[in-house]
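Scroll down for the structure; my scribbles are underneath it.
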Amino acid sequence: MFHSIEIYILLFFTYAILGWLMEVGCKLVETKKFINRGFLIGPYCPIYGWGAIIITLLLNKYLADPIALFIIAIVICSIIEYVTSYFMEKIYHARWWDYSRRKYNINGRICLETMIPFGILGVLIMYFANPFFTGIYEKIPEIALTVICSFLVIVFLIDNIISSHIISTIKVEGIKAEKDNTKEITEKVKQILQSKSFLHKRLINAFPDIKNIRGKLKLKIEEKRRND
């Protein structure tokens, strides 16, 4: 079933916020402290929003076959996570999450441990969450719906601009790094961010295992030169 663009916008933010809450909750259990997950300032993780919208648009025809829906949801979400990791690394020269130490991973970007939950979430979205949320949102007056969506989109765009500027610190400072050791370069990046504003420090808390890819490439080049 296709809805108005406003309904999809609300669904995007709903799942982005729920994804953020899930990430924060997992970290709260793991570290016993609150960590604002994600690289945006606001309480949302867009990757969950985009994943939910793509699933909503593509999997309606599989509603009669939950097994197929489960498998295709895994494939779709895994591709989204892999592509997001790849392009964030290329743009900012930094890897924001790494599953290399987990079993059955692909280039450290996705792993079986996260793929299965993707399928479960896809099933929950299509059979339970979407009917529940759309039933609520479709009752909102059209004018109010437009105002709410416009406000959310404007705030989201501003957040992206500010957050991208903050994250660009990693790219700029990473280029200036002269270290040969990847670990030392990573620590240098952390020191740079810690010396910046509160928002820079939030980024470190959100991604404590951040890795500087440029440093890795430089290390490999140096090793190749020594072996030649």
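For residues 66-79, no pair satisfies side-chain hydrogen bond (donor to acceptor under 3.5 Å, both in side chains), with sequence neighbours left out.
Both L11 and L57 are part of a single hydrophobic cluster, where members link through side-chain heavy atoms under 4.5 Å apart. Cluster annotation: F151 is connected to I140 through the hydrophobic network of ILVMFWY side chains, with a link wherever side-chain heavy atoms come within less than 4.5 Å. Following chains of ILVMFWY side-chain contacts shorter than 4.5 Å, one can reach I53 starting from V153, so the two form part of one hydrophobic cluster. In the hydrophobic clustering of this structure, L58 groups with L63; members are Ile, Leu, Val, Met, Phe, Trp, Tyr whose side-chain heavy atoms approach within less than 4.5 Å, directly or through other members.
In the displayed structure, Y127 atom OH is contacted under 6.0 Å by more than 12 heavy atoms of other residues, nucleotides or ligands. Counting heavy atoms of neighbouring residues, nucleotides and ligands inside a 6.0 Å radius, atom CG of L157 exceeds 12 of them.
The CD1 atom of I79 lies 12.0 Å from the CD1 atom of I74; values are rounded to the nearest 0.5 Å. Atom CD1 of residue I136 and atom OG1 of residue T14 lie 9.0 Å apart, to the nearest 0.5 angstrom. With rounding to the nearest 0.5 Å, the separation of CD1 in I71 from CD1 in I76 is 12.0 Å. Residue Y82 holds its OH atom at 12.0 Å from CE of M115, rounded to the nearest 0.5 Å. Between the CD1 atom of I148 and the CG atom of L10 there is a distance of 6.5 Å, given to the nearest 0.5 Å. Between the CG atom in L21 and the CG atom in L28 there is a gap of 11.5 Å [rounded to 0.5 Å].
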Inset, instruction - Show your working on side-chain contact (heavy atoms from CB on, under 4.5 Å) between Y99 and N107 and close with a plain yes or no. - result: CA-CA 8 Å; Y99 301 134; N107 296 328; over 6 Å; no
Inset, instruction - Just do the side-chain contact (heavy atoms from CB on, under 4.5 Å) check on Y62 and M126 with the steps written out, would you? - result: CA-CA 10 Å; Y62 297 102; M126 294 304 295; over 6 Å; no
Inset, instruction - Run the numbers on N105 and I110 for side-chain contact (heavy atoms from CB on, under 4.5 Å), then give the verdict. - result: CA-CA 6 Å; N105 72 84; I110 57 175; over 6 Å; no
Legend entry - Stepwise side-chain contact (heavy atoms from CB on, under 4.5 Å) check, F118 with V75: CA-CA 9 Å; F118 285 155; V75 173; over 6 Å; no
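Of the possible polar contacts, one joining the T134 side chain to the N130 backbone as a donor-acceptor pair under 3.5 Å is found. For N160 (side chain) and F156 (main-chain N/O), a donor-acceptor pair under 3.5 Å exists by modelled atom type.
Across all their heavy atoms, S4 and L145 have their closest contact at OG-CD2, 4.5 Å. Considering every non-hydrogen atom in both C45 and E23, the closest pair reads SG-CG, 4.3 Å. Nearest heavy atoms, L121 versus M22: CD1-CE, 4.3 Å. Counting all heavy atoms, side chain and backbone alike, R102 lies closest to C111 at CD-SG, 3.8 Å. Residues I125 and A52 share a closest heavy-atom pair of CD1-CB, 3.9 Å. Here the closest heavy-atom approach between residue P43 and residue I17 is recorded as O-CG1, 3.4 Å.
For the pair F70/I120, a side-chain contact is recorded, criterion being any heavy-atom separation below 4.5 Å from C-beta on. K103 is not listed as a side-chain neighbour of L112, based on a closest heavy-atom distance of 4.5 Å or more. You'll find the side chain of F133 reaches within 4.5 Å of the side chain of Y137, heavy atoms only.
A donor and an acceptor atom, one from each side chain of T56 and Y8, are nowhere located under 3.5 Å apart.
Between W50 and F12, the ring planes are tilted. Angles from 30° to 60° get that label.
Taking the six-membered ring where the residue is Trp, the centroids of Y44 and Y15 are separated by 6.0 Å or more.
Residues satisfying the side-chain contact (heavy atoms from CB on, under 4.5 Å) test with S150, not counting sequence neighbours, are T146.
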